[in-house]
Amino acid sequence: MNKTKKLMQAVVILLCLTMATPFKAWAQEAEPSERLTRLLKPGTSTVYSFNYPTVNSAGERIVLSSALVAWTPTDRQESDSIETLHIYSHATIGADEERPTSTGFSKEQIMLQTLPRRTYGDFDGNSADYLGRCIIIAPDYEGFGLTKDLPHPYLSQRLTAQQVLDAVNYGLELYRKQAAEKVADNPLLPFKSDWRTFGLGYSQGGAVTLAVQRLIEEKGLSEQLHYYGSVCGDGPYDLIETMRYYFDDDGTSYGTETDHRKGVCTYPVVVPLIIKGMCSTHPAVAKYSIEDYLSQQLIDTDVLNWIDSKEYTTSEMSKMWYDQLENGLYANDNYYYPEEMAEMFSSPKEGKVWGILDKMFTPATFAYLNNADNLSGVPSEPANAQEALHRALADNSTVTGWEPQHRIQFYHSRGDMVVPFGNYLAFRDAHPDGENTIYRIDDTFTDSDHMDAATLFFLQLCVAGSFASNYNWICEGVLSSGIDTQHITDDQRLSRHDDNWYTLDGRRLSSKPTVKGVYIHQRKKVVIK
């Protein structure tokens, strides 16, 4: 009897320990995929998912998830092959169901499924379609998909770029392995010998796309990935410039008129998203708490838990704030009257709110960011929470610290009040000699605000077909040298900083030629007389 009683006691103790231990400590860590898993088959494209290994902000191993969308024509011809890889970085999302591996139908999901089915005609006279005959690798960022229980490192550019690049390398390996399998009706097409890679993204995805290009070039992976260049739409490339706009613009910046006013953020969820992203990844900010930056009233709205839950889209968060603005807010034994909520939020129309920054930030953070002199130079050794945030925002710029080697097609609306046009101008000012040669801007496709500009961006990409000329221009930046890329080895770089000399058929010479003729040097044809 005593033995039975002791056994029962042991079982109860074990159960109590189990209940007291967080589930994650007992859950088996996800492993990288060995094969692609099919999610959807809409028409002539197929959506797959896979898990891949990468690292987090601490340099620790982590496994993330990614989508891979492949062109799979129903009337497949023997000559069909994959001609393009698009590295797609998605825009800001709030709900996990918006991620690339979701089986839902968000705006970006529709784009992912549509792009491989588009045909835009010849690009360079070789019957190539570098938009439609493609695969797209579109990672779920950390904090979504497989890791939805983790914080999302919002606008931590180098970290996200590394994770996206790891997804590309791992996804390519899986795809090639399966495409090479000798099985009947294998849906995966082989790669064309001269396939090409492009980066593509809008908003947060635009900035990540630029960061990915920087990383590819820094690591010398351009030839390995057949990388040609990027298309970036309305991205936050410079967070300091974005903050300057929020605090200083009176609706007249960049040669256009908007409804924006000084001290207002028209998409207020980005404020806690940015602060959370910096706190979770940047070492200078990590030693401070989020209460050092965000006001207690903003925290009391429960927005931090909304973000962590991954249950709400950013539009739904705006509507919940609108309800608080209309009805007041009970939180932590406090009641904020509608009049008090109106000090932090205003409403341009029903269901939407704009944030008033002096009530969203703590007084110290607002005073620091509202002083233009503070933002004129980046503190090398931050002495307080505000200087640490300044350091983090500057470190997550994709504007400075590199010279692009491949062409970039920017799209940016001058009327964007969320990601202002100054982000492009900051890039231009950092690279004044490259405009219209290594990069160019289309600022005429719309003068609308951020969300409407996004709709037009994706419509032009997937429906109107007007992006075709941009990809052609990007390709010309590599091909105009006259070098036959099929003869370029891995250690040869088609870079304007490449100081080697080549013959017209792509053979690299040991030194500057002395024999008369036409040669290639730094992408240009040079005549030696």
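Starting from 1, each residue takes its place in the sequence as its number. Values reported hereafter were calculated over all heavy atoms of this structure, with side chains retained and with hydrogens, waters and symmetry mates removed.
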Worksheet item: Which heavy atom of Gly94 sits nearest a heavy atom of Thr314, and at what distance?
Response: N-CG2, 4.3 Å
Item to complete: List in chain and number order the residues that pass salt bridge (charged side-chain N to carboxylate O under 4.0 Å, His left out) with Asp166, two or more places apart in sequence or in another chain; answer none if no residue qualifies.
Response: none
Worksheet item: Would one find more than 12 heavy atoms of other residues, nucleotides or ligands at under 6.0 Å from atom CD of Glu257?
Response: no
Worksheet item: Between Gln409 and Ile474, is there a donor-acceptor pair closer than 3.5 Å when you use the side chain of the first and the backbone of the second?
Response: no
Fill in: His90 backbone acceptor or donor facing Tyr141 side chain under 3.5 Å
yes
Worksheet item: Within the distance-only criterion (no hydrogens, no angle test), does the side chain of Thr365 pair as donor or acceptor with the backbone N or O of Gln386 below 3.5 angstrom?
Response: no
Worksheet item: Within the distance-only criterion (no hydrogens, no angle test), does the side chain of Ser347 pair as donor or acceptor with the backbone N or O of Lys352 below 3.5 angstrom?
Response: yes
Worksheet item: Is there side-chain contact between Ser397 and Leu239, with at least one heavy-atom pair below 4.5 Å?
Response: no
Worksheet entry | NZ/Lys276: more than 12 non-hydrogen atoms of other groups inside 6.0 Å | yes
Worksheet item: Roughly how far apart are Ser222 OG and His406 NE2, rounded to 0.5 Å?
Response: 3.5 Å
Discussion item. A side-chain contact here means heavy atoms from C-beta on lying under 4.5 Å apart; do Tyr88 and Val69 qualify?
Written reply: no
Practice prompt. Could you check if a side-chain atom of Tyr227 sits within less than 4.5 angstrom of a side-chain atom of Gln213, using non-hydrogen atoms only?
Written response: yes
Practice prompt. Over 60° means perpendicular and under 30° means parallel, so classify the ring planes of Phe345 and Trp321, tilted if in between.
Written response: tilted
Practice prompt. Would you please indicate if the ring centroids of Phe410 and Tyr237 are separated by under 6.0 Å?
Written response: yes
Discussion item. Would Tyr175 and Tyr48 count as a ring-ring contact (aromatic ring centres under 6.0 Å, His included) here? Give the steps.
Written reply: CA-CA 10 Å; Tyr175 183 93; Tyr48 299 90; 7.7 Å; no
Fill in: Any Glu217 side-chain heavy atom under 4.5 Å of Glu403 side chain
no
Worksheet, complete the sentence: Between the CD1 atom in Ile135 and the NE2 atom in His86, the distance rounded to the nearest 0.5 Å is 10.0 Å
Worksheet item: Can a donor-acceptor pair be found between the side chains of Asp443 and Tyr254 at a distance below 3.5 Å?
Response: no
Worksheet entry | Ring centroid separation Phe421 to Tyr424 under 6.0 Å | yes
Worksheet item: Could you state the interatomic distance from CZ (Arg414) to OG (Ser253), rounded to the nearest 0.5 Å?
Response: 11.0 Å
Worksheet item: Of all residues at least two apart in sequence or in a different chain, which pass the salt bridge (charged side-chain N to carboxylate O under 4.0 Å, His left out) check with Arg244?
Response: none
Fill in: From CA spacing to verdict: side chain to side chain contact (heavy atoms under 4.5 Å, CB included), Tyr170, Ser66
CA-CA 10 Å; Tyr170 197 84; Ser66 176; over 6 Å; no
Worksheet item: Is the side chain of Thr84 donor-acceptor paired with the backbone N or O of Cys134 at a distance under 3.5 Å, no angle test?
Response: no
Worksheet item: Taking atom CD of Glu173 and atom OH of Tyr52, what is their separation to the nearest 0.5 Å?
Response: 14.5 Å
Worksheet item: So do the side chains of Leu375 and Leu393 get within less than 4.5 Å of each other, counting heavy atoms only?
Response: no
Worksheet entry | Distance-minimising heavy-atom pair for Pro432 and Ala430 | CD-C, 3.5 Å
Practice prompt. Indicate the atoms forming the closest heavy-atom contact of Gly201 with Thr209, along with that distance.
Written response: N-OG1, 3.3 Å
Practice prompt. Take His390 and Ile240 through the side chain to side chain contact (heavy atoms under 4.5 Å, CB included) test and state the conclusion after the steps.
Written response: CA-CA 8 Å; His390 186 180; Ile240 300 297; 3.5 Å; yes
Worksheet item: Judged by modelled atom types alone, do Thr92 and Tyr154 share a side-chain donor-acceptor pair under 3.5 Å?
Response: yes
Discussion item. Is it the case that the side chain of Tyr246 and the backbone of Val418 share a donor-acceptor pair, with hydrogens and angles ignored and the cut-off at 3.5 Å?
Written reply: yes
Worksheet entry | Backbone N/O of Ser448 and side chain of Thr446: donor-acceptor pair under 3.5 Å | yes
Discussion item. Within the 4.5 Å heavy-atom criterion, are Ser156 and Asn396 side-chain neighbours or not?
Written reply: yes
Discussion item. Quick check for you: to the nearest 0.5 Å, what is the distance between Lys219 atom NZ and Asn169 atom CG?
Written reply: 9.5 Å
Worksheet item: What closest approach, in Å, do Ser81 and Trp71 show between heavy atoms, and which atom pair accounts for it?
Response: O-CZ3, 3.6 Å
Practice prompt. Indicate yes or no for a side-chain donor-acceptor contact from Thr160 to the backbone of Gln157 under 3.5 Å, with no hydrogens or angles considered.
Written response: no
Item to complete: Compute the centroid of each ring, for Tyr471 and then for Tyr228, and state whether the two points are separated by less than 6.0 Å.
Response: no
Practice prompt. Taking the side chain as every heavy atom from C-beta outward, state whether Ile275 and Leu389 have any pair of such atoms under 4.5 Å apart.
Written response: yes
Discussion item. Any donor-acceptor pair under 3.5 Å linking the side-chain atoms of Ser203 with those of His450?
Written reply: yes
Worksheet item: For Gly145, does its backbone N or O pair with a side-chain atom of Lys310 as donor and acceptor, under 3.5 Å?
Response: no
Discussion item. Within this structure, what is the CE-NZ distance for the pair Met344 and Lys359, rounded to the nearest 0.5 Å?
Written reply: 9.5 Å
Discussion item. Checking Thr46 against Thr72: is there a side-chain donor and acceptor pair closer than 3.5 Å?
Written reply: yes
Worksheet item: Checking Asp140 side chain against Thr101 main chain: does a donor-acceptor pair fall under 3.5 Å?
Response: yes
Practice prompt. Please name the pair of heavy atoms, one in Val168 and one in Ile137, separated by the smallest distance, quoted to 0.1 Å.
Written response: O-CD1, 3.7 Å
Discussion item. Within the 3.5 Å criterion, strictly below it, is a donor on His412 or Asn423 matched to an acceptor on the partner's side chain?
Written reply: no
Discussion item. Let's go through Asp259 and Trp354 carefully: what are the C-alpha distance in whole Å and the side-chain angles of both, what is the deciding distance for side chain to side chain contact (heavy atoms under 4.5 Å, CB included) to 0.1 Å, and is it a yes or a no?
Written reply: CA-CA 11 Å; Asp259 293 330; Trp354 289 0; 3.7 Å; yes
Worksheet item: Are Asp249 and Thr258 side-chain neighbours, meaning at least one heavy-atom pair lies under 4.5 Å?
Response: yes
Response to the item:
Between Ala95 and Thr313, the two heavy atoms sitting closest are CB-N, 3.8 Å
Practice prompt. Assert yes or no for the condition that the ring centre distance of Tyr245 to His260 is strictly below 6.0 Å.
Written response: yes
